[in-house]
Q: 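One structure coming up, written as C-alpha cells, with questions to follow.
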Amino acid sequence: MKIGICPGSFDPVTLGHMDIITRGAALFDKLVVLVLVNPKKQPTFSANERCEMLKAAIAEQGCTNVQVDVYEGLLADYAREIGAAAIIKGLRAVSDYEYEFQMALTNKVLCPQVETIFLNTNAAYMYLSSSVVKQVASFGGDISRFVPKSVLPAITRRLLVTGNHKKEEEK
Ligand code: ADP
C-alpha cells in the first residue's frame, strides 16, 4: 500500500490546504494528514481542535482514504515508522521554495527511502494562508471563501471573540 503524508500546522485548515489534501489523496492508497506539534510555537488552535477541524473538512470532501494524525517529533521518524512512500507539500510562491527545498533535502538525508513531492498551489488559493484567515476573521471579515464550510462557524466564533491572531504576530 502506497502511503503519503501531508504535514503542516493547519492552524486552522484552509481551502488551500484542502486542495493539496484532495489532490494528494488521489495519488496514494492512503494519505495521512499530519498535524505537527512544535513545542516552541504557540498555536491559536490546540492540536486536538486542529485535528477535529481537519476531520470535518475531509468528511465534507468525501475523501475516504485520508486519515488525520498528530505528532510531536521529527517528520522523518514518523514517515519511517508508518512506511510512507512520500511527503506531499504545497508550494504557493517562489518564497515557499527555499525553506521547503532545505526541508526536503534534510528529510532525504534523515530518511532516504521517503521522497518529497511538491504540488503547485491552485491559482485560486495562492494568496491563502492560515495567517490570512486569522487576520481577516479577527476583525470580523468574511472568511467563507477561505475555509471549508464545515469549520467556518467554529473558526469565526473563536477568532472574533479572542482576536487570537495577535498571539502569533506579537511573538
Ligand atoms: P500555513 O500556516 O502557511 O498555511 P501549514 O504549515 O499549515 O502552512 O501548511 C501545510 C502545507 O500546506 C504546506 O506544504 C504548505 O505549503 C501548504 N499550503 C498551505 N496553504 C496553501 C495554499 N494556499 N496553496 C497550496 N499549498 C498550501
Side-chain angles (χ1 to χ4, degrees), residues 3-28 31-58 61 63 66-76 78-79 84-108 114-138 143-149 151-152 154-155 158-159 164-171:
I3 304 175
I5 304 177
C6 188
S9 38
F10 306 104
D11 187 36
V13 61
T14 69
L15 290 175
H17 291 131
M18 290 312 298
D19 182 63
I20 297 297
I21 291 168
T22 48
R23 286 159 61 200
L27 301 174
F28 294 91
L31 185 75
V32 178
V33 178
L34 190 63
V35 175
L36 287 170
V37 177
N38 181 349
K40 289 190 185 135
K41 278 194 182 168
Q42 175 76 53
T44 301
F45 294 90
S46 71
N48 189 45
E49 287 173 315
R50 286 179 273 157
C51 286
E52 290 307 315
M53 285 192 280
L54 277 165
K55 283 180 193 167
I58 289 161
Q61 286 285 331
C63 294
V66 182
Q67 286 178 8
V68 179
D69 200 2
V70 57
Y71 188 67
E72 184 173 339
L74 274 181
L75 176 58
Y78 183 92
I87 294 163
I88 303 295
K89 305 268 358 208
L91 287 181
R92 273 162 293 197
V94 181
S95 51
D96 277 349
Y97 188 71
E98 199 169 344
Y99 173 75
E100 295 295 351
F101 185 62
Q102 188 182 15
M103 289 311 300
L105 289 174
T106 306
N107 285 328
K108 193 71 183 160
V114 179
E115 297 294 344
T116 296
I117 298 176
F118 294 112
L119 296 182
N120 269 330
T121 185
N122 180 326
Y125 302 128
M126 65 182 296
Y127 61 88
L128 192 52
S129 69
S130 297
S131 312
V132 163
V133 167
K134 287 188 264 195
Q135 185 92 16
V136 173
S138 63
I143 55 165
S144 61
R145 280 162 298 169
F146 304 157
V147 302
K149 272 197 185 65
V151 299
L152 177 63
I155 296 176
R158 164 74 85 80
L159 291 172
N164 245 341
H165 69 291
K166 287 184 182 148
K167 264 188 189 170
E168 259 193 4
E169 285 168 3
E170 284 166 5
K171 267 189 286 164

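In each ligand, atom 1 is the first atom listed, and ligand 1 is the first ligand listed. We number each residue from 1, following the sequence as shown.
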Q: Considering the heavy atoms of Phe10, write down every atom of ligand 1 situated less than 4.0 Å from one of them.
A: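 Within the 4.0 Å cut-off of Phe10, ligand 1 contributes 7 (O).
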Q: Would you mind listing which atoms of ligand 1 come within a distance below 4.0 Å of any non-hydrogen atom of Pro7?
A: 10 (C), 11 (C)
Q: By number and element, which atoms of ligand 1 are closer than 4.0 Å to a non-hydrogen atom of Thr121?
A: 22 (C), 24 (N), 25 (C)
Q: Please list the nearest protein heavy atom to atom 9 (O) of ligand 1 with its residue and the distance rounded to 0.1 Å.
A: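 Answer for atom 9 (O) of ligand 1: His17 NE2, 3.3 Å.
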Q: Could you list the atoms of ligand 1 found under 4.0 angstrom from a heavy atom of Ile20?
A: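 That gives atoms 25 (C), 26 (N) of ligand 1.
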Q: Could you tell me if the side chain of Asp19 sits less than 4.5 Å from the side chain of Thr121, heavy atoms only?
A: no
Q: Is the closest side-chain heavy-atom distance between Arg158 and Glu49 below 4.5 Å?
A: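 Contact flag for Arg158/Glu49 side chains = yes.
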Q: Do Ile21 and Leu54 have side chains that get closer than 4.5 Å, going by heavy atoms?
A: yes
Q: Do Ser144 and Lys149 touch side chain to side chain, with heavy atoms closer than 4.5 Å?
A: no
Q: For ligand 1, find out whether one of its N or O atoms is nearer than 3.5 Å to an N or O atom of Glu100.
A: no
Q: Between Arg92 and ligand 1, which part of the residue brings a heavy atom under 4.0 Å of the ligand: side chain, backbone, both or neither?
A: side chain
Q: Counting each atom of ligand 1 from 1 as listed, which ones have a heavy atom of Tyr125 under 4.0 Å away?
A: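 The atoms of ligand 1 under 4.0 Å from a heavy atom of Tyr125 are 22 (C), 23 (N).
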Q: Quick one about Ser9 and Lys41 (side-chain donor to acceptor, distance below 3.5 Å, no hydrogens or angles considered), yes or no?
A: no
Q: When you compare the side chain of Phe146 with that of Leu15, does any pair of heavy atoms fall below 4.5 Å?
A: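 They are not in contact (no side-chain heavy atoms under 4.5 Å apart), so the answer is no.
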Q: If you have a sec, work out which protein heavy atom is nearest atom 14 (O) of ligand 1 and how many Å separate them, to one decimal?
A: Lys89 CE, 2.9 Å
Q: Within a distance under 4.0 Å of any heavy atom of Gly8, pick out the atoms of ligand 1 and give their elements.
A: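 Those qualifying, in numeric order: 6 (O), 10 (C).
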Q: Considering only protein heavy atoms, which is closest to atom 15 (C) of ligand 1, and at what distance to one decimal place?
A: Gly90 O, 3.7 Å
Q: Are the side chain of Ser130 and the backbone N or O of Phe10 linked by a donor-acceptor pair below 3.5 Å?
A: no
Q: Looking at Asp11, is its backbone amide N or carbonyl O close enough to the side chain of Arg50 to form a donor-acceptor pair, meaning the two atoms are under 3.5 Å apart?
A: no
